[in-house]
Visitor: 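The structure that follows is given in the form of structure tokens.
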Amino acid sequence: MPTVRTRFAPSPTGLLHIGGVRTALFCWLYARRHGGTFILRVEDTDRERSTPEAVQVILDGMAWLGLHADEGPYYQTKRYDRYREVIRQWLAEGKAYHCWCSKEELETMRNAQLARKEKPRYDGRCRAGRDPVPGVTPVVRFRNPQEGAVVVADAVHGDVTFQNAELDDLIIERSDGNPTYNFCVVVDDYDMKVTHVIRGDDHLNNTPRQMNMLRAMGVEPPVYAHLPMILGPDGTKLSKRHGAVSVLAYREEGYLPEALLNYLARLGWSHGDQEIFTLEEMTALFDIADVNKSASAINPEKLAWINQQHLMRTPPARIVPELRWQLERLGVTGGSDSALEAVVIAQRERSQTLKEMAEASRFFFEAPAAYDEKAARKHLTAESAALLDQSKSALAALPDWEASAIHGVIRSQAEAGGFGLGRVAQPIRVAVAGGSVSPPIDQTLAILGRQETLARLEKAIAHAKR
RNA sequence: GCUCCCAUCGUCUAGAGGCCUAGGACACAGCCCUCUCAAGGCUGGUACGAGGGUUCGAAUCCCUCUGGGAGCGCCA
């Protein structure tokens with residue numbers, strides 16, 4: 001059994017979006033699971049649309065996700081000599097031939113077929129050879145078998161049979177001398193000794209042609225696994241307004257890479273009823289046999305839930321740099337690692353994303369610019385001013401500034417007044433956080449520190465007395 | 001139009017002939033917990049696209065239909 005070799009082969013013509021990431025993930029997981037090699041190959045033969053920026057976006061995205069390649073990135077544009085070599089050889093062996101049809105001629109053929117309600121395809125008119133046509137630079141076509149059938153033994157779909165009669169002779173070299181996609185894929189998968197081709201099922205229809213070309217090279221095709229498509233939340237094709245944005249946008253929105261990967265893995269793959277997986281669990285459990293055949297729609301709410309589950313389970317120290325990055329994006333700097341860690345622990349069960357966490361934690365690092373109007377009207381009243389004042393004195397007198405002692409103060413204040421904790425806690429909460437929502441008040445004050453707490457209480461008392 | 005693929009709650013899915021009066025998760029509703037918001041716990045509603053077979057028995061196997069998708073390019 002040869003070592004497993006998988007490849008992720010994006011084309012840098014657009015963005016690396018959710019669909020591409022899921023494909024990359026499955027390739028990566030499969031290689032990891034079997035101690036194999038994961039190859040990154042950039043398919044940039046479309047010189048018109050490929051851009052260095054798009055390449056960089058792919059590289060950055062993969063790096064953020066932690067989907068590191070064991071080999072590559074390879075670039076198809078750097079392999080043109082090899083492609084030409086194969087084409088020359090095929091031409092010599094009769095496996096390929098020159099086609100002198102002009103684009104106009106092909107267009108006419110196509111329209112006629114469409115008019116006859118036939119599947120548009122090349123009719124092979126140059127197959128037997130044709131004299132050079134003046135003014136036309138020929139393309140090279142692969143001589144596809146005309147008889148028999150090709151069976152794709154797909155690891156997720158099972159056997160899928162295509163009649164060779166349905167396939168035409170595809171162009172492998174354009175008139176400008178550049179090789180085409182389907183051909184490059186074949187040469188690359190052959191040269192790179194790819195054992196498992198895991199890709200989107202929009203490629204299922206290309207597979208028989210690729211298999212025929214692989215056989216023309218004298219090898220048996222690799223194992224194919226065609227993954228179902230990922231749809232937008234409304235069940236239609238992914239578009240810009242859905243998730244078809246760069247994966248890096250998910251970092252900005254405050255998602256953990258492992259959470260995004262967990263979510264994506266569960267789109268089309270499952271392991272019983274388990275929903276939350278660490279990367280380690282996924283690599284240990286992943287199997288193509290458990291991959292679904294049907295397309296699935298992304299559900300942003302579930303992604304958010306999974307993200308929160310990861311926020312709650314991941315060691316806080318690992319979250320700290322992510323939170324710091326989000327805070328900096330809000331223009332909030334400072335705070336020691338240990339302070340941020342305490343914030344993470346206080347906020348993780350009340351934040352679905354790191355962005356939310358940063359926004360909700362702003363007040364820990366800077367005094368609220370203004371009180372939430374509604375909250376202030378309700379809790380910073382003349383009568384609560386007296387209560388706030390008492391709390392302030394009691395807190396100032398506390399020997400140790402820690403949560404349980406702070407809780408003791410709040411509780412005795414409430415007991416003394418004969419009312420619930422909320423009556424004491426809410427005004428304090430508004431005073432320190434600026435609004436009526438925060439982590440438990442004792443924990444909040446403990447993180448904030450005595451000095452800052454007292455200062456904010458002072459200010460709130462003044463406000464309440466106005 | 002032709003070829004190919006797909007089809008269980010709104011969504012993600014479990015289900016490989018009897019364990020299914022269909023299980024879990026997200027979302028939703030109610031209750032509990034409770035200093036706010038959450039988290040957590042409990043409860044509830046909603047699904048096998050339709051029709052034919054095969055079988056003692058079908059969500060599971062076969063056929064047809066319907067619906068969705070992909071491909072059919074000197075794009076990838």
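This is a predicted model, so every value here is computed, not measured.
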Visitor: Using atom P of each nucleotide, how far apart are B:U13 and B:G57 to the nearest Å?
Guide: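 Looking at atom P only, B:U13 and B:G57 are 33 Å apart.
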
Visitor: Summarise how protein sits on nucleotides 3-13 of chain B as a single string, 5' to 3': B when a protein heavy atom is under 4.0 Å from the base, S for sugar-phosphate-only contact, - for no contact.
Guide: SSSSS--BBBS

Visitor: Give me the distance, rounded to whole Å, that separates B:G44 from B:U11 when you measure between the P atoms they each carry.
Guide: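 It comes out at 23 Å once rounded to the nearest Å.
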
Visitor: Between the side chains of A:T161 and A:Q163, is a donor N or O closer than 3.5 angstrom to an acceptor N or O?
Guide: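 Note: A:T161 and A:Q163 side chains miss the donor-acceptor criterion.
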
Visitor: Salt-bridged, A:R318 to A:E258, with N to O below 4.0 Å?
Guide: yes

Visitor: What distance, rounded to whole Å, do you find between the two C1' atoms, one in B:G71 and one in B:C19?
Guide: 42 Å

Visitor: Among B:C74, B:A38, B:A27, which is the nearest nucleotide to the side chain of A:K103?
Guide: B:C74

Visitor: Using the C1' atom as the reference point in each nucleotide, state the distance between B:C4 and B:C9 in Å, no decimals.
Guide: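 Those two atoms are separated by 29 Å.
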
Visitor: Determine whether the side chains of A:S294 and A:N292 contain a donor N or O and an acceptor N or O closer than 3.5 Å.
Guide: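 Checked: A:S294/A:N292 side chains show no N/O donor-acceptor pair below 3.5 Å.
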
Visitor: Considering only the C1' atoms, how many Å lie between B:A22 and B:U60, rounded to the nearest integer?
Guide: 12 Å

Visitor: How far does the C1' atom of B:C5 sit from the matching atom of B:C37, given to the nearest Å?
Guide: 47 Å

Visitor: So, A:N262 side chain and A:F277 main chain: donor-acceptor pair closer than 3.5 Å or not?
Guide: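 Here the side-chain-to-backbone pair exists.
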
Visitor: Which value, in whole Å, describes the distance between the C1' atoms of nucleotides B:C63 and B:U54?
Guide: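 The same atom, C1', in both gives a distance of 11 Å.
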
Visitor: Kindly say if A:R110 contacts the phosphate of B:G73, meaning a side-chain N or O under 4.0 Å from OP1 or OP2.
Guide: yes

Visitor: Mark yes or no for a side-chain to base donor-acceptor pair under 3.5 Å between A:R429 and B:C35, with no hydrogen or angle criteria applied.
Guide: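 Under the 3.5 Å cut-off, the side chain and the base do form a donor-acceptor pair.
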
Visitor: C1' atom, B:U8 versus B:C48: distance in rounded Å?
Guide: 4 Å

Visitor: Checking A:Q76 against A:R79 for the side chain to side chain donor-acceptor pair (under 3.5 Å) test, could you report, in this order, the C-alpha distance in whole Å, the side-chain angles of both residues, the deciding distance, and whether it holds?
Guide: CA-CA 5 Å; A:Q76 290 188 323; A:R79 291 176 41 78; over 6 Å; no

Visitor: Under a plain distance cut-off of 3.5 Å, with no hydrogens placed, do A:Y263 and A:N299 share a side-chain donor-acceptor pair?
Guide: no

Visitor: Does a side-chain N or O from A:Q308 land closer than 4.0 Å to OP1 or OP2 of B:A39, or not?
Guide: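 For B:A39, OP1/OP2 do have a side-chain N/O of A:Q308 under 4.0 Å.
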
Visitor: Is there a donor-acceptor contact under 3.5 Å from the side chain of A:T180 to the main chain of A:I171?
Guide: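 Such a contact is found between A:T180 side chain and A:I171 backbone.
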
